[in-house]
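Numbers here simply count residues along the sequence, with the first being 1. As the structure is a computational prediction, the values presented were derived from the model and not from experiment. Both ligands and their constituent atoms are indexed starting at 1 by order of listing.
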Amino acid sequence: MTTPVSNLRINGDRLWDSLMEMAEIGPGIAGGNNRQTLTDEDAVGRALFQKWCEEAGCTMGLDQMGTMFARREGTDPDALPVYVGSHLDTQPTGGKYDGVLGVLGGLEILRTLNDMGIKTKHPIVATNWTNEEGTRFAPAMLASGVFGGVHTQEWAYAREDVEGKKFGDELARIGWRGDEEVGARKMHAFFELHIEQGPILEIEGKDIGVVTHGQGLSWTEITITGKDSHTGSTPMPMRKNAGLGMARILEAVEQIALSHAPHAVGAAGHIDIYPNSRNVIPGKAVFTVDFRSPDLQVIKDMENKLREVASAIVGQMGLGITFEKVGGFDPVEFDETCVTAVRNAAERMGYSHMNLISGAGHDACWINGVAPTAMVMCPCVGGLSHNEAEDISKEWATAGADVLMQAVVETAEIVE
Ligand code: HGY
Ligand code: MN
Ligand code: MN
């Protein structure tokens with residue numbers, strides 16, 4: 001396998017300009033982005049990505065989950081392609097780089113290879129996975145999960161947002177439902193560049209995270225039922241306060257995660273209270289508990305403890321409770337050959353690097369089940385993400401994309 005020359009570098013200014021242009025689509029209210037999946041803003045971002053890919057001479061494939069595959073031909077059309085990508089959808093108060101850096105970093109590789117007239121044996125495919133965030137339609141990494149055989153397409157199409165709109169209907173509405181069977185594509189390898197979304201690389205002063213593992217995730221949606229009643233005239237002992245029950249359970253979530261310190265984490269980011277009126281005791285609370293750990297047994301222990309403690313809390317308060325597992329995946333170990341290609345690339349190019357376990361979930365976590373997969377991470381300021389103030393430097397973006405390109409091109413095999 002020919003090792004790419006270390007002076008093969010991307011055009012950092014062009015990558016940065018593309019990031020800033022994409023960031024203008026679906027702007028947030030505080031400098032970040034609100035380009036949620038299958039919204040009109042998502043459709044505009046997709047069209048811009050398609051325009052750029054076609055300008056780079058790629059042919060665009062589209063599967064039945066709306067995932068986009070921009071293919072740059074190799075010298076051997078029968079060779080399995082090397083895929084590289086991430087996601088363009090954002091959180092409602094998302095940053096400009098989460099996911100987007102990985103999609104546009106993949107495009108930048110194709111642009112650079114075109115500039116330098118470099119050919120590879122294997123085709124290279126820049127990819128935009130639909131609905132990685134799972135914020136509008138749970139769970140996260142939905143399209144890559146269907147591609148990886150974890151979810152059925154029928155189940156995915158039936159997922160509903162808070163307004164009761166279905167995933168399949170919204171995908172058709174924005175005009176981005178393709179004909180390709182999901183998962184029919186076979187990959188030689190998959191690489192994903194992503195911001196760390198945590199503080200470790202910045203604190204350690206490293207340019208590159210060589211991601212060896214991804215921690216596992218568990219999402220349990222809990223519904224507590226009490227009784228709506230007047231906040232003024234209902235005597236305290238008679239109240240069936242679902243909001244209070246939720247509050248006591250959320251405190252228990254914190255303690256359950258801390259009991260597995262230092263690696264386990266837990267919180268609830270999605271919380272709905274009904275009827276959410278100032279002078280009504282809430283009769284219903286719906287919230288999703290997000291537990292994560294690199295250790296699968298710890299995740300299972302936290303899930304079991306949650307059900308035990310939450311059931312005891314609502315039992316004492318005379319409230320009802322239901323639990324629904326709405327998302328989850330086991331901890332993953334990425335492919336050693338691909339991880340080594342990332343590490344050697346960082347070394348070859350003189351970028352400081354360290355091994356890292358990904359705290360966030362990524363499409364690579366599901367694709368790792370069907371193809372050799374690895375991730376490249378770059379730092380982000382203060383480790384902040386899923387916040388409109390998410391920030392990275394152009395240098396960090398460039399280093400990440402440089403390493404990504406070296407690993408991708410080495411795996412796709414340069415043809416002299
Ligand atoms: O939830 C996650 O870890 C990812 O950011 N969707
Ligand atoms: Mn992401
Ligand atoms: Mn995210």
Do [X] and [Y] get their side chains close enough for a donor-acceptor pair, meaning under 3.5 Å?
X    : Y    : answer
Q36  : N34  : yes
Q91  : T93  : no
E410 : Q406 : no
Q197 : D98  : yes

- Task: Decide if the gap between the ring center of Y97 and the ring center of W16 is smaller than 6.0 angstrom.
- Result: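 Distance test on ring centres: under 6.0 Å, yes.
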
- Query: Hey, do the aromatic rings of W366 and F329 have their centres closer than 6.0 Å?
  - Reply: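 Centroid distance W366-F329: below 6.0 Å, so yes.
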
- Query: Which of the atoms in ligand 1, numbered in the order shown and given with their element, are less than 4.0 Å from a heavy-atom of A360?
  - Reply: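 Matching atoms, with element in brackets: 3 (O).
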
- Identify, by atom number and element, the atoms of ligand 1 in contact range of H386, meaning under 4.0 Å from any of its heavy atoms.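 Selected atoms, number and element: 5 (O).
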
- Query: So, does Q91 sit close enough to ligand 1 that a heavy atom of it is under 4.0 Å from the ligand?
  - Reply: no

- Under a heavy-atom criterion of less than 4.0 Å, does M141 contact ligand 1? no

- Item | Of the N, O or S atoms in E133, the one nearest the Mn ion (ligand 3) | OE2

- Query: Which atom, counting only N, O or S, brings H386 closest to the Mn ion (ligand 3)?
  - Reply: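 Nearest N/O/S atom of H386: NE2.
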
- Going by the 4.0 angstrom heavy-atom rule, the piece of H87 near ligand 1 is neither

- Message: Checking the N or O distance criterion of under 3.5 Å, is ligand 1 in contact with G361?
- Response: yes

- Query: Considering only the protein, which heavy-atom contact is closest to atom 1 (O) of ligand 1, and what is its distance?
  - Reply: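 Protein heavy atom with the smallest distance to atom 1 (O) of ligand 1: R292 NH2, 2.9 Å.
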
- What residue and heavy atom of the protein are closest to atom 6 (N) of ligand 1, and at what distance?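 In this structure, atom 6 (N) of ligand 1 has E132 OE2, 3.1 Å as its nearest protein heavy atom.
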
- Side chains of I249 and L306: does their closest heavy-atom pair fall under 4.5 Å?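 They are in contact (side-chain heavy atoms under 4.5 Å apart), so the answer is yes.
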
- Item | Cation-pi check, R185 onto F147 ring (under 6.0 Å, within 45° of axis) | no

- Item | NE2 (H194) to the Mn ion (ligand 2) to OD1 (D98) angle, given to the nearest 10 degrees |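 Angle NE2(H194)-the Mn ion (ligand 2)-OD1(D98): 90°, rounded to 10°.
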
